[in-house]
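Have a look at the structure below, then the notes.
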There are 4 protein chains.
Amino acid sequence: MEEAQPLRQEGDCHGAGERKAHHSEKFKSNLLARLNRVEGQVRGIKGMIERDTYCDDVLNQIAAVQSALNSVGRLLLEGHMKSCIVERIEEGDHAVVDELLVTINKLLK
Amino acid sequence: MEEAQPLRQEGDCHGAGERKAHHSEKFKSNLLARLNRVEGQVRGIKGMIERDTYCDDVLNQIAAVQSALNSVGRLLLEGHMKSCIVERIEEGDHAVVDELLVTINKLLK
Amino acid sequence: MEEAQPLRQEGDCHGAGERKAHHSEKFKSNLLARLNRVEGQVRGIKGMIERDTYCDDVLNQIAAVQSALNSVGRLLLEGHMKSCIVERIEEGDHAVVDELLVTINKLLK
Amino acid sequence: MEEAQPLRQEGDCHGAGERKAHHSEKFKSNLLARLNRVEGQVRGIKGMIERDTYCDDVLNQIAAVQSALNSVGRLLLEGHMKSCIVERIEEGDHAVVDELLVTINKLLK
């Protein structure tokens, strides 16, 4: 698992208004750096297809992007569970559990 | 399954030199259009994180990109199997089966 | 999602001693009925292999068992999150979040 | 990958009648030994649920069974591709490629 994410940040994932995330800037830049790489890899795959690169090589690149994207999803799930999920449960807002289950089931697909 | 991909295209995934794919332009533009959307979705996720969008919404977007990327992988696997894999097996080049198994196992992860 | 699982059952997944689940008998018999079917399907696959059944048919049966097992896992994850996870978070025992993340990551594999 | 599976066995996955697998007895007993363990593990999970074992432990066991079942699937896919798939392609029976793609897509789920 990534460096321990401080459990609670200032912010309001449980305010009356629009729910917001409240990750540290360090956590956000880690996610953004990974997503930049994913974006570059996707562009790279487009180039491979344009150049008629042998499919097996392209398929391996797609598997690499899927793996990188999985890592981003896991990091975000961890950050979410250690902040908003805990906060909303502690306030008795158990609806967040159903919300989380729906999302986890999509990621499990 | 996508419209029937004509089984064999001119091209040489089995030449002595560097192996190349030989998909129809229609197939390639289909893949490229999908990858353009994936690239845009990844950029969209970066924006969501920069704007502190509620994590559950971001996680759902990541699941959508994974699903779109899976579709590209499946289309490419089909195109690959109906062209290079069949050609190389027909020429007795059974090493392609091990190559394909390694790639499928990565996609199965 | 399966019929709403009553959020809290009598029982002690947060006692000092050995942690125990505390599902309703109805929930447990649902899980057990599904697992009985999975067990039968696995036995069926063994029979198919013994009888040299065409591999494609056997592979499809394996995919069906995986899907049935996934359903059991999701049901159990839901029951777990709506009982022990919520209880332990409400008592300030946030270590349960790391425990859950490790398990979810294994299921995501 | 498992010990090299001899590419072709006597047998008729391409006869007019019912298609049959034709694996070596050694390969079959390897698959059956693995499936025996899976069957035992499923029975073990039923026991854990009957004894109200803490859900996290049960979920980890489910992940272990899924992983063992995946291994059986991959072995069988390899055996299938190195026998029937190659034979039927070599005889010009390309319909086997579509059949295989449908099965792989189910395993990719």
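For clarity, every value in this text was computed on a predicted model and none was experimentally measured. Here is how names work: the chains are called A, B, and so on, in the same order as the sequence lines, proteins then strands, and each is numbered from 1.
Among residue pairs with one or both ends in residues 48-61 of chain B, those qualifying as salt bridge (charged side-chain N to carboxylate O under 4.0 Å, His left out) are A:K28-B:D52; sequence neighbours excluded.
Atoms CD and CG, on B:Q66 and A:N70 in that order, are 4.5 Å from each other to the nearest 0.5 Å. A distance of 4.0 Å separates OG1 of B:T103 from CG of A:N60, quoted to the nearest 0.5 Å. For the atom pair CZ of A:R19 and SG of B:C55, the computed distance is 12.0 Å after rounding to the nearest 0.5 Å. To the nearest 0.5 Å, the span separating OH on A:Y54 from NE2 on B:H22 amounts to 9.0 Å.
In this structure, the portion of B:L31 lying under 4.5 Å from any heavy atom of chain A is its side chain and not its backbone.
By the salt bridge (charged side-chain N to carboxylate O under 4.0 Å, His left out) test, A:R43 is found to be paired with A:E39, B:E39, residues two or more places apart in sequence or in another chain being considered.
Here the shortest heavy-atom pairing between A:A63 and B:L107 reads CB-CD2, 4.1 Å. Here the closest non-hydrogen pair linking A:L35 and B:V42 is O-CG1, 3.7 Å.
When A:I49, A:V38, A:L77, A:I45 are compared by the number of non-hydrogen pairs under 4.5 Å with chain B, A:I49 comes out ahead.
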